[in-house]
A.B. asks: 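Got a structure for you, questions after.
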Amino acid sequence: MAATIPPGAAADTGRNGRTGGLGRGRAVADADERATSRTLTDRNVAALARIAAGHAPRRRSCDDRSVPAVARVEPLVTARAVRGPFDYLLPDGCDVGSVVEIPFGRQRLRGVITELAERSEHRLKAPSAVLDVSLPPELVRLALWMADDVVSTRARCLELLLPPDGVGERIRLWAERAGEAAVDPAADDPDAERYPGVRLTANQRALLDRLPGWTGDDLQALRRLEGRGLVTIEPRGHGRRPDHVALGAAAGAPVLNPDQLLAVQRLEDALRGAGGTPGPGEDRFLLHGVTGSGKTEVYLQAAQRALAMGRTALVLVPEIALTPQTVARFRSRLGETVAVLHSGLSKGERRDEWWRLRRGEARICVGPMSTVFAPVSDLGLVIVDEEHDSAYKQDGDPRYDARRVAAWRARENGAVLVVGSATPRPESWNALRRIGLPRRADGGEMPAVRLVDVRGIRTVLQREVHQALTDARKAIVLLNRRGWATWLECADCGHSWECPNCDVSLVLHRGSGVLRCHHCGHVEHPPRQCPACGSVSVGQHGLGTEQLADHLPGHVFRLDADVRDRSGVLQRFQEADHGILVGTQMIAKGHDFPDVELGVVVDADATLRFPDFRSQERTFQLVAQLAGRAGRGGGPSGARASVLVQTRSPEDRALRHAARHDAHGFLVEELERRRQLDYPPFSTLVRVMCEHEDEDRAQAAASVLRERMPEGTLGPVPVFRRQGRFRRQLLLKAAHRGSAVAAVRAAVESVVGTPGARGLVLAVEVDPR
DNA sequence: AGCACGCCGACT
DNA sequence: GTCGGCGTGCTC
Ligand SMILES: [Zn+2]
Ligand SMILES: [Zn+2]
């Protein structure tokens, strides 16, 4: 029986997800599978004997060729110490991508079959069950590639691709009319007698009229009708669907402007050609469009065309917060075929959306990060919106970059890749074919950006900036520091307040009345006097958003990570007739405010002076994004909106380009600078952080590691202590990504396994932020 | 990860 | 003497 199942038959198709997800598989030794499992077991015994004799276990396929009988399984555990894969007997009908339950030591674990083999040098056990869920082979390849690419483990990457464990299908009772009530002859004619010849009360008649449907409070009444044979009731899977904000009636396609038309045309041509053999980079595009230029409409129409060609699409947005609005737009045009995946969904919702995609019931997935792992087949289009956003980098263990994964999936499936931004990354500008949307869809003007020199200015806001804020009806003010004061210092002896776990100063939060560490969450009471000298004059330094909000004139709205009801603040500001929105980075993301007439960057130097080769890029993005958010139409007078940038480096290249809205000029120069300095994208940086509670051991481990890393590795460089662990950093700048990553992986693994590595935390980051 | 095995300090 | 600390190694 097993011999007739061709390899790939089971794992390659989305099997019925209906009998439940993980954990509810068919147990190999279970009741109605008994016959199958018995033959399996008998054959296993024989197979074991042959393996012991040095032969490969053989199975006969219909065309009499030998087929693999060994499954190489990656047990799903997080530990780095488990170095798979492990060999098991291949159960009937399984293939690469099948998910099995395996005996592993004395535990039972889930595992994914990542490879088949004909023989094994081990004594093999059989998996104890085959689960209903399986991964398409493409996603197995993705996990294996990703594990190497980001120096993580295969198991951790595989786990990312699977639906959540421990939730099954939701089962509810479904009722239908039956017997004499099966057909309602009066369905078309409201005056005719209903259910003729059947004795019914008015209540029962109403009950029958609402069927078919799910049972509820009326189950008892329905059961009585079931008893008379007028109704059937049976358990059925009742999929959970995430809530979606409605966006009115299904909307038609708006008229595109010429730029948009051209963009859609180019993507359509690429879609037509995709799947063939386009040249390198032929089907990878950068949609470079200013804020409000109508990028989303281009995405939508491209997705529509991909669907029409029988292919599927992924649409990535940077954050969960931006998902609902995008989903709503796609849904209002494309309907039920739009699924959504993100970590904010309940386990059940995620499971059900995963299966809708796996079975092909949904053919588009919209959302952040995890959407890039959607189990669709026939992928035709991958869209990454706001591609410059660093939220696309995961900062947990598989430190993957969703943009890189998106590019991999597009390449692997012959799909078209489209990344969009008003402020693209130099890497994308350099590598992708550019499509421009240079005009705002509403024809509005870009705001005037002015650099304000604050050298020698002792106040927080320069006089004109303060005046502009007083005059403006609505304004947004950006400052990238949370809290009231970022550090405290005794005026008499210079004592400062630092975190006991980290080598950083504690931040005063006045609203919550605490000193807080922004790196580990440590909290303590603010001092009344200096513990070193007893002085009561404690100076507050470093202005944060909380204090800034207090200084500003008029009605102030504050938005940062410390604010509890963030969407409420946004909404109130949006609806307000006048006021100032103050906050960190997050105020410049996503939502735009058409009636804001002034944007202010309080301290552009904070970003600019950050010691990192990307600081210029980030500064340009910060200013340009704020300019994009601020007013389309300007004030009530229709005056042009403006952006004021406070800086002590008004000659800075990034700032000057941003002030002229000249992304092109900035990117050309920035790329040239990076080429000369050998920075990405012309090289790859690999950073290894060694952390240990004991400083000497952190240092020693880093030194040993450095010896095993490729030539030219810099370090160990001490980095400030965090969460009680001393840190040492190694940095490698390499010309060739693949070999550098492989070498670092080997070095790290050689150190992780050795004695003396106890308590050592190693984090590898390729192309760190 | 989870679990057993094993080798040293200190407690019934 | 043995109880238990965790350092080490193994799981197909
Ligand atoms: Zn003091
Ligand atoms: Zn801390």
Side-chain angles (χ1 to χ4, degrees), chain A residues 11 22-23 25 27-29 37 40-59 67-92 94-131 140 143-144 147 151-162 164-166 396-398 691-694 696-698 700-701 704 748-763:
Chain A
L22 306 176
V28 169
S37 65
L40 180 73
T41 312
D42 289 345
R43 205 185 43 239
N44 292 350
V45 173
L48 282 173
R50 278 195 296 270
I51 292 166
H55 297 292
R58 259 158 203 274
R59 279 205 260 160
V67 291
V70 175
R72 319 210 72 194
V73 178
E74 206 62 58
L76 296 180
V77 291
T78 46
R80 265 216 147 80
V82 176
R83 303 221 177 142
F86 292 82
D87 296 348
Y88 289 84
L89 291 161
L90 181 66
D92 293 344
C94 280
D95 203 336
V96 169
S98 295
V99 182
V100 291
E101 184 188 87
I102 46 167
F104 189 73
R106 60 202 57 211
Q107 1 171 24
R108 286 195 169 200
L109 297 174
R110 283 190 312 158
V112 178
I113 300 181
T114 54
E115 206 183 327
L116 302 183
E118 294 196 8
R119 60 176 70 231
S120 170
E121 55 186 280
H122 301 279
R123 290 181 59 86
L124 302 190
K125 293 181 179 175
S128 45
V130 178
L131 305 186
V140 174
L144 303 191
V151 195
S152 183
T153 70
R154 295 177 159 202
R156 288 182 210 195
C157 295
L158 285 163
E159 190 113 50
L160 280 179
L161 307 190
L162 287 167
D165 193 13
D397 183 38
E691 308 185 8
H692 203 288
E693 286 185 14
D694 181 301
D696 294 338
R697 293 183 76 175
V704 169
V748 165
E749 284 180 352
S750 79
V751 168
V752 163
T754 56
R758 202 137 310 274
L760 182 70
V761 179
L762 289 180

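Order of the sequence lines fixes the chain letters, A, B, ..., with proteins taken first and strands second; residue numbering starts at 1 for each chain.
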A.B. asks: Name the nucleic acid region contacted by F104(A), choosing base, sugar-phosphate or nothing; use a 4.0 angstrom heavy-atom cut-off, strictly under.
C.D. replies: base
A.B. asks: Taking all non-hydrogen atoms of both residues, which atom of P103(A) and which atom of P127(A) are closest, and how far apart?
C.D. replies: CD-CA, 4.2 Å
A.B. asks: Could you state the atom-to-atom distance from OH of Y88(A) to P of dT11(C) in whole Å?
C.D. replies: 10 Å
A.B. asks: Which whole-number value in Å describes the distance from F86(A) CZ to dG9(C) C1'?
C.D. replies: 12 Å
A.B. asks: For E74(A) and dT11(C), what is the distance between atoms CD and P respectively, to the nearest whole Å?
C.D. replies: 15 Å
A.B. asks: Specify the separation, in whole Å, of atom CZ of R72(A) and atom P of dC12(C).
C.D. replies: 14 Å
A.B. asks: R110(A) and salt bridge (charged side-chain N to carboxylate O under 4.0 Å, His left out): which partner among E74(A), E159(A), E101(A)?
C.D. replies: E159(A)
A.B. asks: Calculate the interatomic distance between R108(A) atom CZ and dC12(C) atom C1'; express it in whole Å.
C.D. replies: 15 Å
A.B. asks: Provide the start and end nucleotides, 5' to 3', of the part of DNA chain B that has atoms under 4.0 Å from heavy atoms of chain A.
C.D. replies: dA1(B) to dA4(B)
A.B. asks: Just to verify, what does D397(A) make a salt bridge (Lys or Arg N to Asp or Glu O under 4.0 Å) with, not counting sequence neighbours?
C.D. replies: R156(A)
A.B. asks: Quickly work out the L90(A) CG to dC12(C) C1' distance and round it to whole Å.
C.D. replies: 14 Å
A.B. asks: Check H122(A), K125(A), R72(A), R119(A) against D87(A) for a side chain to side chain donor-acceptor pair (under 3.5 Å) and give me the one that passes.
C.D. replies: R72(A)
A.B. asks: Base, sugar-phosphate, or nothing for P75(A), non-hydrogen atoms under 4.0 angstrom?
C.D. replies: nothing
A.B. asks: Take atom CG of D87(A) and atom P of dC10(C), then tell me their distance rounded to the nearest Å.
C.D. replies: 17 Å
A.B. asks: Distance-only, no hydrogens or angles: does the H692(A) side chain make a donor-acceptor pair with backbone N or O of D694(A) under 3.5 Å?
C.D. replies: yes
A.B. asks: List the residues meeting ring pair (Phe, Tyr, Trp, His ring centres under 6.0 Å) with F104(A), not counting sequence neighbours, and say none if there are none.
C.D. replies: F86(A)
